[in-house]
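Some notes on the structure that comes next.
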Amino acid sequence: MLLQWCNLKPLGPSKLAAIRFSSPCRVQAVKIFPTGAKPFAYSPDIVACTEPASFFTDVYFNAQPVPGSQDGKLKLKAPNALIPTVIAYSGGQTEFAIDMGADFVTRLMIVRGDFESVSMAIYGEVVTDAIASVTSYTPGLLHLPEPVSVSPPLDLANAADPTCLARQLLTLIPDAPSLNLVIRLMFCLKPPNDDWDLPEFPHLYSDLNEEDMDIDLDTAFRCLSRPVAEDASVESLQRFAEKIADAIGPMDDTQAYLVSGILCRSASQNPHFAQALMQSIDLENVFDVSNLNDDDTIYTLLDASTNPDISELLNVDWFKDTLRSVESLPTARREVKKGAQRLTARVRHWQIFEDALSNPEGNFVDACRFLKDVGSEEKSFGIWLSCMTMHEDLWASLLDGPTHGDGPLASFLDPPSTAISHGDFLGFVKAYIGVASVLAVYAWSDSLPNDHCRERTLGVLRSWQDVPGYREVHSLAKFTGVYLIKASQIVNHLLLLRQMTFRLECMTIDNDPPAQSGIHAENIILNLVNEPRCYLSSDFVKCLRSWQPFSLTYISEEERISLHRAATIADDGLLGAMEELVRTDSSPFDLGRVRGLRVAVAVILHELEEDETGDWNVLDTAWRGGIQGMVFHVIDMASSVSQELKTLCSLNMTQPREAGIVEQLLLLADELLPLVIHLEPLSVTTSRSMRCVIVAIADIFICADLFLSQPPVPPSLALTGKRVRQTCVAFLRQLSEFLGADSPKRGPALFLRTLFEHGLRVDNIDPAHRIRQVYTLVDCLMPDASEAAQSNRRWILSVIPHILTDLGTFFRALDVDSRLDFLRSTRFPR
């Protein structure tokens with residue numbers, strides 16, 4: 001309800017203004033109106049007056065205990081204690097939510113700031129002295145609000161032209177260039193600072209007809225530093241390509257680098273240019289093993305291969321053989337070998353992606369992996385986006401395919417991956433192109449700068465971060481032989497590009513007086529920090545660590561400190577991550593602690609998965625840092641997380657916890673289990689350690705199902721809970737098979753016996769629910785019915801005799817339906 005409307009003007013040098021309420025109340029929101037606004041339709045004579053257009057203001061509430069509460073004096077000793085909050089007003093009609101808590105009320109509100117006047121409406125509730133006594137209780141369901149579908153202008157997956165929104169945003173800038181030119185300038189060619197000051201900019205193009213004279217490779221390379229005009233004739237492009245071919249001489253390292261640079265700079269230009277180069281240049285006379293053994297050359301070719309025509313030129317046997325020779329070269333540096341591997345994969349994946357655009361039975365998983373890889377580097381990303389919007393055949397394949405439909409954008413989270421339909425995949429690619437195009441417009445508006453376009457563009461990106469599907473881009477994470485679908489985010493993934501992170505950092509460092517663009521930037525970063533793999537970006541970590549105390553407008557100081565600590569863990573590298581995991585003086589599992597642990601796990605997993613010598617690096621770092629038995633520390637952490645989850649879903653009444661802590665604990669558990677899989681072969685584990693792991697997994701599996709069965713379940717928690725349960729099953733199967741390869745007693749027999757015993761254990765978890773969920777895990781560990789009878793018989797004879805007594809006890813505790821299901825199983829020979 002509206003508590004009060006007021007026009008405040010500060011008095012005296014203290015710049016203070018005060019509002020006194022007639023009765024105790026709890027303020028819930030403050031809405032500020034710009035000058036000239038008429039906030040009340042039935043009172044047109046009331047006109048707001050807020051000057052200046054943007055400012056900071058401190059708001060204090062005189063906090064008093066709730067009338068009639070018995071413990072109010074214990075909670076608040078000083079009768080005039082003030083609860084402070086800060087409002088960053090950036091203009092327009094803006095509402096600020098205020099959480100005073102349920103324990104306090106106020107009768108006095110003090111406002112201090114650098115403003116001449118401010119018109120505000122204060123909303124909340126009046127708190128009476130009488131406290132109603134509860135005589136009866138009727139349980140009911142809490143209903144989640146219905147999700148609001150994305151508006152059609154933002155739903156690019158179903159748009160006829162996924163770049164339409166970007167083109168519309170670009171019209172907010174006077175005399176704006178075309179979207180294709182913006183993409184090339186922002187991501188591919190990067191004009192020098194001097195060009196920005198020229199009156200012809202951005203319409204500065206390469207002159208391909210320089211006096212029609214012969215040119216050398218260095219001249220051609222420098223000439224292509226500017227974009228080629230979109231209306232350049234095919235003949236002029238062909239002549240320039242022939243000049244380049246004529247300038248090629250005997251093989252050497254410099255020539256190989258210049259040719260790769262020419263291919264890279266032409267990759268984002270007019271499609272006819274790359275095709276002309278492909279017809280004119282014989283790359284077999286340019287590249288060999290010796291000159292490809294160079295970081296700059298191999299990675300420049302990697303960027304160039306993002307063009308489909310150049311990729312096709314490189315997709316020949318002699319070149320692939322050359323890359324294999326580079327990989328096997330003893331003198332080749334690790335970065336060169338990795339670049340050769342990525343170049344081979346990119347050439348192969350381009351063909352897969354192009355086929356998936358038109359083939360309903362295409363390999364959509366590898367096509368998504370290609371998009372993930374392309375979107376991780378700025379120049380490759382820009383070349384791919386330019387090609388998709390300028391190559392008519394690719395564009396036609398995208399638009400002429402089946403439509404996505406009316407449902408939400410496919411997230412590709414739920415296995416099996418082959419269930420992705422062709423229409424869902426094309427809808428995903430459209431959304432990817434649309435988001436990428438909007439990012440190009442944001443970069444251009446920020447470079448000028450044009451605050452109007454920048455603010456609108458950041459608002460769109462911020463909106464997409466809350467839309468399922470648009471924020472998700474799907475890749476396969478290898479789980480030691482088992483591929484599990486995991487999600488990262490389209491918007492968030494592309495915002496981790498170096499220039500995007502730098503732009504967001506600049507917008508959040510100096511935002512005084514507060515601008516809406518800066519507030520949008522802080523909100524966008526606050527969404528990014530929820531994904532621990534974002535901290536693997538050194539630029540993102542630098543952004544978080546650059547914030548000074550009390551310098552932000554939206555992110556609180558407590559949150560800033562928590563983010564700074566997580567960024568410090570990532571910046572300290574492998575040793576810092578290990579020290580975080582083995583800390584014994586750690587605080588309870590609050591959101592800050594869980595965030596730090598997830599970052600630490602991400603750093604260690606990245607080292608193990610992305611580096612060929614990752615296993616050795618982890619062991620060596622642990623040894624030098626005095627950290628012994630890393631796998632046992634990880635197992636203990638998984639056990640601690642499972643105990644915390646059990647506390648949250650206990651039959652006893654639990655204390656209120658931070659919002660979102662359940663989902664974050666489940667995500668931490670989901671990330672800890674793959675780390676155990678990686679570290680277990682590097683250590684000598686005991687049966688006791690394995691039993692601890694099995695018990696922790698069973699408790700996580702049980703608790704995840706309990707959280708899913710207690711409505712209302714937020715959509716993000718539902719996805720997380722299902723994914724964690726899939727991880728638990730995959731982990732148990734893989735670890736059981738790995739340990740049972742040599743000794744069944746240490747593998748399936750140990751796992752099943754531990755589950756039987758744990759299923760019959762009594763604690764604060766619903767015992768009926770516990771035994772049903774444990775039976776589900778037991779069923780997953782049994783041999784597959786599709787396997788040969790001989791294989792099943794061998795498994796039974798080697799495992800069942802060791803667990804027969806425990807199996808009988810567990811079987812008698814099952815309900816009738818579970819017993820029948822167990823007996824009907826076709827896995828056991830009759």
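One-based numbering along the sequence shown.
Checked against side-chain contact (heavy atoms from CB on, under 4.5 Å), Ser266 has the following partners two or more places apart in sequence or in another chain: Phe273, Leu277, Ile310. Residues satisfying the ring-ring contact (aromatic ring centres under 6.0 Å, His included) test with Phe287, not counting sequence neighbours, are none.
Interatomic distance, CD of Glu531 versus CG of Leu667, reported as 8.5 Å (0.5 Å rounding). Considering CG of Asn293 and CG of Asp253, their distance stands at 9.0 Å, rounded to 0.5 Å. The line from OG of Ser260 to CG of Leu302 is 11.0 Å long, rounded to the nearest 0.5 Å. Of the inter-residue distances, the one linking Leu343 atom CG with Leu314 atom CG reads 6.0 Å to the nearest 0.5 angstrom. The line from OG of Ser178 to CG of Leu181 is 5.0 Å long, rounded to the nearest 0.5 Å. Met500 contributes atom CE, which lies 8.5 Å from atom CG of Leu461 (distance to the nearest 0.5 angstrom).
Residues Leu258 and Asp216 fail the side-chain proximity criterion, which asks for heavy atoms closer than 4.5 Å. The closest side-chain heavy-atom distance from Phe240 to Ser206 is not below 4.5 Å. At least one side-chain heavy atom of Cys223 sits under 4.5 Å from a side-chain heavy atom of Leu208. Asn291 places none of its side-chain heavy atoms less than 4.5 Å from the side chain of Asp252. Counting heavy atoms from C-beta on, the side chains of Leu563 and Trp547 come closer than 4.5 Å. The side-chain heavy atoms of Lys542 and Asp571, taken from C-beta on, include no pair separated by under 4.5 Å. In this structure, the side chains of Phe221 and Leu217 stay at 4.5 Å or more apart for every pair of heavy atoms. In this structure, the side chains of Leu283 and Trp318 come closer than 4.5 Å at one or more pairs of heavy atoms.
In summary, Glu230 and Arg184 engage in a salt bridge, as defined by a charged side-chain N under 4.0 Å from a carboxylate O. Between Asp446 and Arg503 there is a salt bridge, since a side-chain N of the basic residue sits under 4.0 Å from a carboxylate O of the acidic one. Between Glu671 and Arg533 there is no salt bridge, since no side-chain nitrogen of the basic residue lies less than 4.0 Å from a carboxylate oxygen of the acidic one. One finds a salt bridge joining Arg342 and Glu377 here, because a Lys/Arg side-chain nitrogen approaches an Asp/Glu carboxylate oxygen to under 4.0 Å. The residues Arg598 and Glu580 are annotated as not salt-bridged, no charged nitrogen and carboxylate oxygen being separated by less than 4.0 angstrom. Contact check on Arg222 versus Asp218 returns a salt bridge, with a Lys/Arg side-chain nitrogen under 4.0 Å from an Asp/Glu carboxylate oxygen. Salt-bridge annotation for Asp195 and Arg226: present, with a side-chain N of the basic residue lying under 4.0 Å from a carboxylate O of the acidic one.
At least one donor-acceptor pair under 3.5 Å links the side chain of Ser386 to the backbone N or O of Ser268. At least one donor-acceptor pair closer than 3.5 Å links the side chain of Gln255 to the backbone N or O of Pro250. Although no hydrogens or angles enter the test, the distance criterion places no donor-acceptor pair under 3.5 Å between the side chain of Ser537 and the main chain of Cys534. Side-chain N or O atoms of His493 include one that pairs as donor or acceptor with a backbone N or O of Lys372 at under 3.5 Å. In this structure a side-chain-to-backbone donor-acceptor pair under 3.5 Å is present from Thr501 to Leu495. Using modelled atom types, one side-chain atom of Thr508 and one backbone atom of Glu505 make a donor-acceptor pair closer than 3.5 Å. A side-chain donor-acceptor contact under 3.5 Å links His633 to the backbone of Gln628.
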side-chain hydrogen bond (donor to acceptor under 3.5 Å, both in side chains) for Thr389 and Asn180? Distances and angles first, verdict last. CA-CA 7 Å; Thr389 56; Asn180 291 330; 3.1 Å; yes
Please report the C-alpha distance between Lys190 and Leu185 in whole Å, then the side-chain angles of each, then the deciding distance to 0.1 Å, and finally whether the side-chain contact (heavy atoms from CB on, under 4.5 Å) criterion is met. CA-CA 5 Å; Lys190 303 293 186 64; Leu185 291 176; over 6 Å; no
Is there a side-chain contact (heavy atoms from CB on, under 4.5 Å) between Lys320 and Val347 once you walk through the steps? CA-CA 9 Å; Lys320 291 186 284 187; Val347 170; 5.6 Å; no
Verdict with supporting geometry, Asp373 and Arg369, salt bridge (Lys or Arg N to Asp or Glu O under 4.0 Å): CA-CA 6 Å; Asp373 179 54; Arg369 184 185 289 112; over 6 Å; no
Evaluate Leu385 against Ser437 for side-chain contact (heavy atoms from CB on, under 4.5 Å), listing each step before the verdict. CA-CA 8 Å; Leu385 181 59; Ser437 301; 4.0 Å; yes
For side-chain contact (heavy atoms from CB on, under 4.5 Å), just list the numbers for Leu735 and Ile677, CA-CA rounded to whole Å, side-chain angles, deciding distance to a tenth of an Å, and then say yes or no. CA-CA 7 Å; Leu735 199 57; Ile677 283 284; 4.1 Å; yes
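Note on ring orientation: taking the six-membered ring where Trp is involved, the planes of Phe353 and Trp350 are perpendicular (angle over 60°, cut-offs 30° and 60°).
Across all non-hydrogen atoms, the minimal contact from Ile524 to Leu504 is CG2-CD1, 4.1 Å. In terms of heavy-atom proximity, Leu497 sits nearest to Gly375 at CD2-O, 3.4 Å. Of all heavy-atom pairs between Phe428 and Ile490, the closest is CE1-CD1, 3.7 Å. Nearest heavy-atom pair across Val228 and Gln269 is N-OE1, 2.9 Å. The two residues Val289 and Ser325 come nearest to each other via the heavy atoms CG2-CB, 3.6 Å. Residues Ala166 and Val438 approach most closely at CB-N, 3.9 Å, considering heavy atoms.
Between the side chains of His391 and Asp309, at least one donor N or O sits under 3.5 Å from an acceptor N or O. There is a side-chain donor-acceptor pair under 3.5 Å between Ser290 and Asp288. Under the 3.5 Å distance criterion, with hydrogens and angles disregarded, no donor-acceptor pair is assigned to the side chains of Arg346 and Ser311. Remark: the Thr685 side chain and the Glu680 side chain contain an N/O donor-acceptor pair separated by less than 3.5 Å. Looking only at atom types and distance, the side chain of Arg324 has no donor-acceptor partner in the side chain of Thr344 under 3.5 Å away.
Within 6.0 Å of CD on Gln351 lie more than 12 heavy atoms contributed by other residues, nucleotides or ligands. Around OH of Tyr257, the count of heavy atoms belonging to other residues, nucleotides or ligands within 6.0 Å does not exceed 12. Heavy atoms from other residues, nucleotides or ligands lying under 6.0 Å from NZ of Lys337 number more than 12. Surrounding CZ of Arg498 are at most 12 heavy atoms belonging to other residues, nucleotides or ligands under 6.0 Å away. More than 12 heavy atoms of other residues, nucleotides or ligands lie within 6.0 Å of CH2 in Trp196, so this atom counts as buried by the packing criterion. For Phe502, the CZ atom counts as loosely surrounded, since its 6.0 Å shell holds 12 or fewer non-hydrogen atoms of other residues, nucleotides or ligands.
In this structure, Trp384 has its ring center closer than 6.0 angstrom to the ring center of Tyr432.
Residue pairs that meet the salt bridge (Lys or Arg N to Asp or Glu O under 4.0 Å) test with at least one member in residues 291-300, sequence neighbours left out, are Asp295-Arg333.
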